[in-house]
Amino acid sequence: MVSASFLFWLILLMLVIGLGTASIRIFREYERGVVFTLGRFWKVKGPGLIFIIPAIQQVVRVDLRTVVLEVPAQDVISRDNVSVKVNAVIYLRVVDAEKAVIQVVNYLEATSQLAQTMLRSVLGKHQLDEMLAERESLNLDIQQALDAQTDTWGIKVSNVEIKQVDLTESMIRAIARQAEAERERRAKVIHAEGELQASEKLSQAAKVLAQEPQAILLRYLETLTVIGADRNTTVVFPLPMDLVTPLIKKITPLQA
């Protein structure tokens, strides 16, 4: 028969093994353990192998890796009273495990709700054109505003990216008309600038031709060469103004 002392030592050994197993915790490199002793915060431990006292100490695991948090689409009214839907992505991580456990119940949910409010607040101060063309500066504004709020929770918001800005069909058509009008305006300005430059060049050419009367005849001959290359039936004969001017002077007194 098994003696009572043997059973006692066997039970004691099993109890020690059970307590030892229950007191061992292994934390990965990216994990930390927030240890509480009788409900009061003791210290942050890890990574590696740590020991806790069962029934007296409790440990809460905290992941220190970067978390990608998607912000649902929010209805935003811009400063110029345009209604749009905007969604974004937030990159955050825990930098203080103690604060992330003690200061807030669920830091991911709290950061998500804060990000939704901050997204509407920051974008509402800007016009639609700024939302579409200046996303980098808006991302920085939202990131700084969020980071200032989550710092007390031990959370670092490293980056904010606005994914998409959805417009209504009427606003898309209005923007298309505006872009078309802008293109037409630029075309007219470029055409006017071309006419101005051409007139300046023609004025300079006229001054040069006026200094050399024979140059205008050479210009006539060059023009005939260009016209003749088109294989058309049009015949242009240049008549020097020196020959026409005396006839005009004689005809004018007769008409008077």
Chemist: Among side-chain atoms of Q57 and T37, is any donor-acceptor pair under 3.5 angstrom?
Modeler: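 Indeed, the side chains of Q57 and T37 share at least one donor-acceptor pair under 3.5 Å.
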Chemist: Same hydrophobic cluster for V60 and Y30, using side-chain heavy-atom links shorter than 4.5 Å among ILVMFWY?
Modeler: no
Chemist: Okay, side chain of Q116, backbone of P72: is any donor-acceptor separation there less than 3.5 Å?
Modeler: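 Checking the backbone N and O of P72 against the side chain of Q116, no donor-acceptor pair under 3.5 Å is found.
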Chemist: If you group Ile, Leu, Val, Met, Phe, Trp and Tyr whenever their side-chain heavy atoms sit less than 4.5 Å apart, what else falls in with V89?
Modeler: V68, Y91
Chemist: Could you tell me which non-hydrogen atom of N159 sits nearest to which non-hydrogen atom of E161, and how far apart they are?
Modeler: ND2-OE2, 3.3 Å
Chemist: If Ile, Leu, Val, Met, Phe, Trp and Tyr residues are connected whenever their side-chain heavy atoms lie under 4.5 Å apart, and connections chain through other members, are F36 and I52 in the same group?
Modeler: no
Chemist: Any chance CZ of R25 has more than 12 other-residue heavy atoms, nucleotides or ligands included, within less than 6.0 Å?
Modeler: yes
Chemist: Report the distance from atom CD of Q103 to atom CD of E98, rounding to the nearest 0.5 Å.
Modeler: 8.0 Å
Chemist: Nearest 0.5 angstrom please: L114 CG to I155 CD1, how far?
Modeler: 11.5 Å
Chemist: Answer yes or no: is there a donor N or O on one side and an acceptor on the other, between the side chain of T150 and the main chain of L146, under 3.5 Å?
Modeler: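 Answer holds: yes.
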Chemist: Would you name the heavy atoms of V59 and G33 that are closest together and state the gap between them?
Modeler: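 Smallest heavy-atom distance, with atoms named: CG2-CA, 3.7 Å.
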Chemist: Please determine whether a side-chain nitrogen of the Lys or Arg among R185 and E182 lies less than 4.0 Å from a carboxylate oxygen of the Asp or Glu.
Modeler: yes
Chemist: To the closest 0.5 Å, what do you measure between CG (N87) and CG (L119)?
Modeler: 8.5 Å
Chemist: Can you measure from CE (M118) to CD (Q144) and round to the nearest 0.5 angstrom?
Modeler: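 Here the rounded value is 12.0 Å.
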Chemist: In sequence, state the C-alpha distance, the side-chain angles, and the governing distance for Q197 and K201, and then conclude on side chain to side chain contact (heavy atoms under 4.5 Å, CB included).
Modeler: CA-CA 6 Å; Q197 294 177 3; K201 295 299 181 182; 5.5 Å; no
Chemist: Tell me, do M131 and L138 make a side-chain contact under 4.5 Å, heavy atoms counted?
Modeler: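 Yes. Closest side-chain heavy atoms under 4.5 Å.
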Chemist: Are L92 and L108 packed together at the side-chain level, in the sense that at least one heavy-atom pair is separated by less than 4.5 angstrom?
Modeler: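 Yes, side chains in contact.
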Chemist: With rounding to the nearest 0.5 Å, note down the distance linking CG in L64 to CD in E31.
Modeler: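 Here the interatomic distance stands at 8.5 Å.
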Chemist: Linking I/L/V/M/F/W/Y whenever any side-chain heavy atoms sit under 4.5 Å apart, do L132 and I162 land together?
Modeler: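 They do share one cluster, since a chain of ILVMFWY contacts under 4.5 Å joins L132 to I162.
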Chemist: Counting only heavy atoms not in R28, do more than 12 sit closer than 6.0 Å to its CZ atom?
Modeler: no
Chemist: For residues W153 and T111, determine if any side-chain heavy atom of one lies less than 4.5 Å from a side-chain heavy atom of the other.
Modeler: yes
Chemist: Cut-off 3.5 Å, side chains only: do E109 and Q113 have a donor facing an acceptor?
Modeler: yes
Chemist: Rounded to the nearest 0.5 Å, what separates atom NE2 in H126 from atom CZ in R79?
Modeler: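 One gets 8.0 Å once the value is rounded to the nearest 0.5 Å.
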Chemist: Is there a continuous path of hydrophobic side-chain contacts, each under 4.5 Å between heavy atoms, that joins F27 to V34?
Modeler: no
Chemist: Mark yes or no for whether D147, through its side chain, and Q143, through its backbone, hold a donor-acceptor pair below 3.5 Å.
Modeler: no
Chemist: L140 and I90: same hydrophobic cluster, using ILVMFWY side-chain contacts below 4.5 Å?
Modeler: no
Chemist: Between L128 and L167, is a side chain to side chain contact (heavy atoms under 4.5 Å, CB included) present by the stated rule, with each step listed?
Modeler: CA-CA 10 Å; L128 178 61; L167 304 173; 3.7 Å; yes
